[in-house]
Each structure stands twice: as structure tokens, then as C-alpha cells.
Amino acid sequence: LEIADAMIAARRDINGAFEQPLVIGDKTNFAPCDADGVGFSRTPRDVMDLIFLRRGAMMGGFFPEGLRGVLTALGG
């Protein structure tokens with residue numbers, strides 16, 4: 001539950017006013033989107049902020065030891 005709460009907080013920080021809850025009514029909302037069903041665009045850095053669960057991090061969250069490769073090079 002701590003990871004889910006951290007993920008929600010990270011998404012809210014990145015998406016701002018566009019953030020949607022993970023549960024809407026009795027349905028799970030795994031793919032937040034706008035009214036037309038279009039998903040939010042994110043930069044590689046935005047994605048890394050979400051998976052590391054905080055802005056500017058290079059490790060933590062879902063990848064406690066960080067990542068290597070192209071995504072890390074783009075987001076660093």
C-alpha cells in the first residue's frame with residue numbers, strides 16, 4: 001500500500017490538475033486519459049520520476065538500484 005500511495009503522489013505531482021484517481025466509482029482506472037480517451041504524454045524524465053517515485057531521482061521506487069541504458073541517458 002505504501003508503494004501505491006507513493007505512485008499516486010508522484011502521478012499527482014507530475015500530472016497536476018490532470019491527475020485522476022486509481023479508482024473511479026467501482027472501476028479501477030489504470031490508464032488515466034482525457035475526456036477523448038487520449039493518454040497523457042510524458043517525457044522520459046516524467047516516466048523516470050514516476051517509476052522512481054520522486055522528481056529528479058535516478059534510483060528508488062520500483063527500481064531501488066536504478067536503471068541503465070537509453071532511458072536513463074535521456075532522463076538524466
Side-chain angles (χ1 to χ4, degrees):
L1 192 53
E2 281 183 43
I3 292 287
D5 289 340
M7 183 76 172
I8 291 167
R11 282 178 39 184
R12 188 175 299 120
D13 184 44
I14 291 166
N15 294 335
F18 299 106
E19 180 52 30
Q20 297 174 353
L22 291 179
V23 177
I24 298 175
D26 62 345
K27 298 194 185 316
T28 304
N29 183 32
F30 284 112
C33 57
D34 67 14
D36 295 320
V38 177
F40 300 111
S41 64
R42 293 190 171 101
T43 66
R45 180 70 253 174
D46 290 341
V47 172
M48 290 172 65
D49 290 346
L50 287 172
I51 63 175
F52 297 141
L53 301 178
R54 64 184 189 278
R55 285 195 178 273
M58 295 303 289
M59 62 177 57
F62 294 98
F63 297 93
E65 309 226 352
L67 295 172
R68 289 178 249 157
V70 174
L71 181 61
T72 303
L74 290 173

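Nearest heavy atoms, Phe52 versus Arg45: CD1-NH2, 4.2 Å.
No continuous path of hydrophobic side-chain contacts links Phe63 to Met59 [ILVMFWY only; heavy atoms under 4.5 Å].
A distance of 12.5 Å separates CG of Leu53 from CE of Met48, quoted to the nearest 0.5 Å.
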